[in-house]
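What you see is a predicted model; the values in this text were computed from it and never measured. Hydrogens, waters and symmetry mates play no part in the numbers below; they use all other heavy atoms, side chains included. Naming: A, B, ... by sequence-line order, numbering from 1 per chain.
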Amino acid sequence: MTSPGDLHRAYLQAFAASAGRAADRFPAALDALRRDALDRFGAMGLPSSRDEQWRHTRLPALLRRPLPLLATPATVSLPAASLRAPALAGPRSALLVFVNGRFAPELSELSALPAHATAGSLAAALAAGDERVIRHLGRHAEYGDEPFTALNTALFDDGAFLCVAPQGVLEAPVHVLFAARPDAEPAMTNPRLLLLAGGGARLAVLEAYLSCGSGPYVTNAVVEAVLEEGAALEHCRLEHEEAAAAHLSDLHATVAAGARFRSTCITLAGQLTRNGVRVLLAGEGASATLNGLFLTGGQQHVDNHTWIEHRAPGTVSQECYKGILAGRSTGVFCGRILVQPDAQRTDAYQASRALLLADTATVRLQPELEIHADDVKCAHGAAVGQLDADAVFYLRTRGLDEWQARLVLTQAFAAQVVQQVEVPGLREPVERQLAARLASIGA
Amino acid sequence: MLTIRNLQARAGSTQILRGIDLEVGAGQIHAIMGPNGSGKSTLAAVLAGRDGYEVTGGSVTFQGKDLLDMAPEERAREGLFLAFQYPVEIPGVNSAYFLRTSLNQMRRHRGEEELDAYDFLDLLKDRLKLVEMDERFLRRSVNEGFSGGEKKRHEMLQMAVLEPRLAILDETDSGLDIDALRIVANAVNQLHRPERAFLVVTHYQRLLDYIVPDAVHVLYQGRIVRSGGKELALMLEERGYDWLREAATDASPAP
């Protein structure tokens, strides 16, 4: 067991190494932020079950020691099979591929981007001194009480930067693919994404995580999404990693007046996954839809924490998280909705549902509402159940065998989340990945 | 086609079927009538293979095969269809997709080629007319938000698509207005073929105003206490089921 002090020192060394690499490329302005984040991480240490936010998620041994950064292969290449991965198919405005956290321009496609949109490596944008990046990076992802966000802020050395200028529209989504080629020794990547939607702009982003090769590794991703007035951003995160992988993510969205943020978080694999989504509805009439779906089996554990702050009047949030659990897997959903005193006429709805396919699987659904305004409409519902035996019988009398009947019903349960993805170019690749994964779950 | 011999079944510790004998030939329509609690729906459930019932005696042969030995889906693939009294709502499962998946299971079992979405749609449009259903229903989830009448018509649509050898209608007429009743009856009459049989389970005589049965059986306390022609149904309509108590004791003394 490593003490917080040891961890801090070890990461400080990693930081020194990466700072050495990054210093040439990253503006000095960033240096203070990274050092502060590292100090903050040192002060917090790794979360334990004593932390309220981590009460039901035990860090695996993999994470209880300092990890080196996963090295980028000398020649960036991916097996052909992974390039044919369904996540890569379908219409898109651009494709950004990262291998072990580092941008791979030769695997990416950026030529079809219109002039009002920017997409590329975050490190490159920083190196070029892009003032939009400098203005926003680290301003939305608060790391004061999130050790892994702090760690990412201190250690990230690349990621994606996407920006659509005011009133600009990207009809097809941008696909951002993170492919991991693990080494023999466990290591970590810290991808960072900055998504900027200018006033009235509209875009959709698929952020997908896949593994090529096997072996334990850790992804610790942070996304900052900024929606200016009247913007619309639909974000979809697809986690379909190697069985031994651990995935930590934090998404922070700041939503201005009249802007519309949609997020769908799909977890299909991985040994341990913890997704945090924090949305600030900062301007009047801002809205957020947060949906999620996780499928677990074996000994997997998935924890989704969402946090929606209604800070302005007339803000709307809709939330639906679903889990399908088999084997001895465990799941957690904790959804916090905070309505501030000024946020009158808030309309918030949260639903969480879990389907247990085995008696040995367990799930915890935990809505948390904190309301400081009086004129609000807030509702939530949580339900854990099993497949409806009457529905299974009905399908069997129509010629489906028991396995097919259970699969059809499980697919239907899952489909209700995926069907809500509005942009077809986002929805279709996710539907394909989900169908393939469901067929293997042995419902 | 269907031969039931001394069929006995119970749910938990309650004996419900106490020895049913019934022979349904190809092309015949048989009506099973009886008061509430007489075992009508249990008979339908046992024939379809629903969990929760234990067959304690007797046998059921369907087209020469032991029906009770088959899983529910095998019975369906062999040509047995049950129209449910309470069709199940299945949110998230598209009705057209469900029907095509179901039909293709039957076709695969019979060694026939599966229908693709286009050929299936042609077939479906044709069958929709039979039950006077709008195509819109097929874009919805199975039975979800359907009215009682719509659910029953959806059952008849499935019957029309799947073309079973034996269709069991479990109180399909209950709760229907006269128009819906006419549509259900019309579906049965239109689908009536020399090789296809129907077992119509009903509490009321009125469905038999539209469907002419070859035989009517009265079920009481888990036994068929009287069999006859259409006139038996009319007698039940006039006299109700009260006379059964005496008839039952006369016909077969309690064990």
Report task. Go through B:R77 and A:D401 one step at a time and tell me if the side-chain contact (heavy atoms from CB on, under 4.5 Å) criterion holds. Result -> CA-CA 10 Å; B:R77 293 171 193 171; A:D401 66 33; 3.8 Å; yes
**Report entry** B:P91 to A:A412 - nearest heavy-atom pair and separation
**Finding:** O-CB, 3.4 Å
**Report entry** Heavy-atom pair of closest approach, residues B:A76 and A:G399
**Finding:** CB-N, 3.7 Å
Query raised in the report: Got a sec: does the CD of A:E422 have more than 12 other heavy atoms crowding it under 6.0 Å?
Result: yes
Report task. Check whether B:E78 gets within reach of chain A through its side chain, its backbone, both or neither, counting any heavy atom under 4.5 Å. Result -> neither
Query raised in the report: chain A contacts: which residues in residues 122-148 of chain B have a non-hydrogen atom closer than 4.5 Å to it?
Result: B:V142, B:N143
Query raised in the report: For chain A, which residues from residues 43-58 of chain B have at least one heavy atom closer than 4.5 Å to it?
Result: B:A48, B:G49, B:R50
Query raised in the report: For B:E74, what residues pass the salt bridge (charged side-chain N to carboxylate O under 4.0 Å, His left out) criterion, not counting sequence neighbours?
Result: none
Query raised in the report: Ring centres of A:F393 and B:F84 under 6.0 Å apart?
Result: yes
Query raised in the report: Rounded to the nearest 0.5 Å, how far does CG of B:L82 lie from CZ of A:R396?
Result: 14.0 Å
Query raised in the report: Which region of B:P164, side chain (C-beta onward) or backbone (N, CA, C, O), has a non-hydrogen atom less than 4.5 Å from a non-hydrogen atom of chain A, or is it both or neither?
Result: neither
Query raised in the report: Among residues 95-116 of chain B, which ones touch chain A with a heavy-atom distance under 4.5 Å?
Result: B:Y97, B:F98, B:T101, B:S102, B:Q105, B:M106, B:R108
Requested in this report: Mind running side-chain contact (heavy atoms from CB on, under 4.5 Å) on B:L162 and A:R398 for me, showing each step along the way?
Outcome: CA-CA 9 Å; B:L162 299 177; A:R398 300 307 183 245; 4.1 Å; yes
Report summary line: When rounded to the nearest 0.5 Å, the distance separating CG of B:L80 from OG1 of A:T397 is 9.0 Å
Query - A:R336 atom CZ, neighbour heavy-atom count above 12 within 6.0 Å - result: yes
